[in-house]
**Student:** 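Dumping the structure here so I can ask a few things about it.
When reading the values below, keep in mind they use all heavy atoms of this one structure, side chains included, and skip hydrogens, waters and symmetry mates. Indexing begins at 1, ligand by ligand and atom by atom, following the structure's order. Counting begins at 1 with the first residue of the sequence. All figures in this text were calculated on a predicted structure; none of them were measured in a lab.
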Amino acid sequence: MKEMKFSIGFDKRDLPKLHNYWNKIIESQKWTESYFTALFEKKWNIYNNLHSVAFGSWSGGALAAMRYFQLVGQTVLCPSNTFMATPLAIVNSGAKVQFVDCNKTDLCMSYDDFKIKAEKYHPAAVWVVHIGGHIAFDIEKIAEYCKKNNIILLEDCAHAHGASWNGKRPGEWGDAGVYSFYPTKTISTGEGGMLVSIHKELIEFAKRFRNYGKPDYKVSGLNLRISEFSAAIGVVEVDRLSEIVEYKNEYAQKLDSKFKNRLILPKGMISGYYKYIVFEEIEKSTGKVYDNPCHRIMKHDVDLPNTDWVAKNHWCVPIYYNK
Ligand SMILES: Cc1ncc(COP(=O)(O)O)c(C=O)c1O
């Protein structure tokens, strides 16, 4: 297999357009909270079918959602097979984290273990993480349980740009979803995040939360804004997203004939292929999605056998957009 160097998913054909946008920003004298932030949000709203608020990172969107749902002192369930960002957002917003096991098939939260933990801890909320660019296979069952039992469902969509399941996009199952535009992601703005939700009041809260509660200071926020320069990259990137995902899907199809022992998607699911995951050791790999589960890093005394198995037994084949 041809070795592929890591490559940010930015199409060089977009450079003149981006330079033109940046010139406009410089001339406008409006370098934050202006035209391109609003345009990025509008485009994401159309792509994702949900109200959208842009942030300077995933963290900003996650904190806004957790603050809005008033989770201080409450228990929030979280998969252990995720980046430390997810449990750290929980503890830094004043809530308590309890870890849930994953499935070996999709590396995402297991419904069976979620149900056990929900009955044991009576959580106020749960974070489901769509690991690797596909949608968590158990999302429908988890969403249904949350609805019946009044549990807030939050989706960590940091990996899931471009994914869908029978036309439904990440963030559409839950009360809120949050994307990351960190440079390794399928599309990036350098630093950035996007909070999506069906709840209009959450969106209004989040816009104030990212900006110190302006204009009336009724919301106790901080500076979690995205700059206009980053938002302009976002505008260019949303327009390229479907092409990038198509390219990755075609590339994945070629890899499918080579790797039999791989993650298999259910019918109707399209992955954004943030990662191409196999369950065999391979010669050229970008390594693991995560090597060290969060419950081990945070020293939680809980037995999560599938999470430990996954940490040892999966590898990622390079799959980068390179145009
Ligand atoms: C699953 C997951 N959640 C959250 C984040 C945090 O995103 P950010 O760096 O934009 O805050 C990441 C980032 O790498 C991630 O992989």
Side-chain angles (χ1 to χ4, degrees), residues 6 8-9 37 40 44 52-67 76-93 95 97 99-100 102-103 106-109 125-136 139 153-163 170-171 174 176-196 206 209-210 222-227 230-231 233-234 237-238 263 271-277 286-295 297-298 307 310-311 314 316 319-320:
F6 168 71
I8 289 177
T37 303
F40 185 25
W44 200 265
S52 307
V53 187
F55 280 86
S57 69
W58 177 93
S59 268
L63 288 178
M66 297 204 56
R67 187 68 74 82
V76 177
L77 299 184
C78 179
S80 175
N81 185 45
T82 182
F83 182 47
M84 278 294 286
T86 331
L88 285 176
I90 296 171
V91 295
N92 280 308
S93 63
V97 63
F99 286 110
V100 179
C102 65
N103 299 309
D106 66 343
L107 282 64
C108 300
M109 185 178 277
V126 55
W127 275 100
V128 170
V129 186
H130 302 299
I131 290 290
H134 53 272
I135 288 162
I139 190 70
L153 173 55
L154 304 167
E155 295 177 58
D156 182 336
C157 311
H159 299 183
H161 322 71
V178 189
Y179 288 83
S180 165
F181 301 110
Y182 184 75
T184 56
K185 305 302 186 235
T186 304
I187 57 170
S188 174
T189 57
E191 295 286 1
M194 189 71 78
L195 170 70
V196 296
F209 187 76
R210 77 169 172 206
L222 290 164
N223 172 9
L224 302 163
R225 300 179 295 250
I226 189 168
S227 91
S230 299
I233 309 178
E237 287 284 67
V238 187
L263 191 147
S271 175
Y273 281 110
Y274 171 55
K275 302 281 181 185
Y276 185 97
I277 296 162
T286 57
K288 304 267 170 63
V289 186
Y290 304 112
D291 298 282
N292 203 2
C294 296
H295 75 288
I297 298 170
M298 293 175 80
T307 301
V310 155
H314 83 282
C316 301
I319 185 163
Y320 302 122

**Student:** Would you say G192 touches ligand 1, if touching means a heavy atom closer than 4.0 Å?
**Tutor:**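 Per 4.0 Å heavy-atom rule, G192 contacts ligand 1.
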
**Student:** Dump the intermediate steps for side chain to side chain contact (heavy atoms under 4.5 Å, CB included) on M194 and I226, then the final yes or no.
**Tutor:** CA-CA 10 Å; M194 189 71 78; I226 189 168; over 6 Å; no

**Student:** What atoms of ligand 1 come within less than 4.0 Å of a heavy atom belonging to S59?
**Tutor:** 11 (O)

**Student:** Does the N or O separation between E191 and ligand 1 drop below 3.5 Å for any pair?
**Tutor:** no

**Student:** Nearest heavy atom to atom 15 (C) of ligand 1 wins, so pick from G60, S188, A158.
**Tutor:** A158

**Student:** Which class fits the ring pair F181 and F40: parallel under 30°, tilted 30 to 60°, perpendicular over 60°?
**Tutor:** tilted

**Student:** Please classify the Y290 to ligand 1 contact at 4.0 Å (heavy-atom distances, strictly less than): side chain, backbone, both or neither.
**Tutor:** side chain

**Student:** So which heavy atom in the protein is nearest atom 7 (O) of ligand 1, and how far is it from that ligand atom?
**Tutor:**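 Checked against all protein heavy atoms, atom 7 (O) of ligand 1 sits closest to W58 CB, 3.1 Å.
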
**Student:** Measure V129 to ligand 1 on non-hydrogen atoms and call it side chain, backbone, both or neither using the 4.0 Å cut-off.
**Tutor:**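 Answer for V129: side chain.
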
**Student:** What protein heavy atom lies closest to atom 12 (C) of ligand 1? Include the residue and the distance to one decimal.
**Tutor:** F83 CD2, 3.5 Å

**Student:** Verify, without hydrogens or angle tests, whether T86 (side chain) and T82 (backbone) share a donor-acceptor contact under 3.5 angstrom.
**Tutor:**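 Checking the backbone N and O of T82 against the side chain of T86, no donor-acceptor pair under 3.5 Å is found.
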
**Student:** Parallel, tilted or perpendicular: which one describes the rings of H161 and Y179, with boundaries at 30° and 60°?
**Tutor:**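 Rings of H161 and Y179: tilted, 30 to 60°.
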
**Student:** Looking at G132, is its backbone amide N or carbonyl O close enough to the side chain of H159 to form a donor-acceptor pair, meaning the two atoms are under 3.5 Å apart?
**Tutor:**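 Yes, the answer is positive, given that a donor and an acceptor are paired below the 3.5 Å cut-off.
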
**Student:** What are the atoms of ligand 1, with element, lying closer than 4.0 Å to any heavy atom of D156?
**Tutor:** 1 (C), 2 (C), 3 (N), 4 (C)

**Student:** Checking the side chain of W127 only, and the main-chain atoms of P79 only, is there a donor and an acceptor separated by less than 3.5 Å?
**Tutor:** no

**Student:** Hey, which atoms in ligand 1 end up nearer than 4.0 Å to a heavy atom of S180?
**Tutor:** 7 (O), 8 (P), 10 (O)

**Student:** Quick test of your reading of the structure: of K185, M194, H159, whose heavy atom lies closest to atom 14 (O) of ligand 1?
**Tutor:** K185

**Student:** Which ligand 1 atoms, with their elements, are less than 4.0 angstrom from a heavy-atom of T82?
**Tutor:** 1 (C)

**Student:** Under the 3.5 angstrom rule, does the side chain of T189 hit a backbone N or O of I233 as a donor-acceptor pair?
**Tutor:**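 A pair under 3.5 Å: no.
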
**Student:** Which distance, rounded to the nearest 0.5 Å, do you find between the CG of L107 and the NZ of K275?
**Tutor:** 11.5 Å

**Student:** Within the 4.0 Å heavy-atom shell around A85, which atoms of ligand 1 are there?
**Tutor:** 4 (C), 5 (C), 6 (C)

**Student:** Is there any N or O on Y182 that sits under 3.5 Å from an N or O of ligand 1?
**Tutor:** no

**Student:** With a 4.5 Å heavy-atom cut-off, do V289 and I131 have their side chains touching?
**Tutor:**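 The answer is yes, as the side chains (C-beta and beyond) meet within the 4.5 Å cut-off.
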
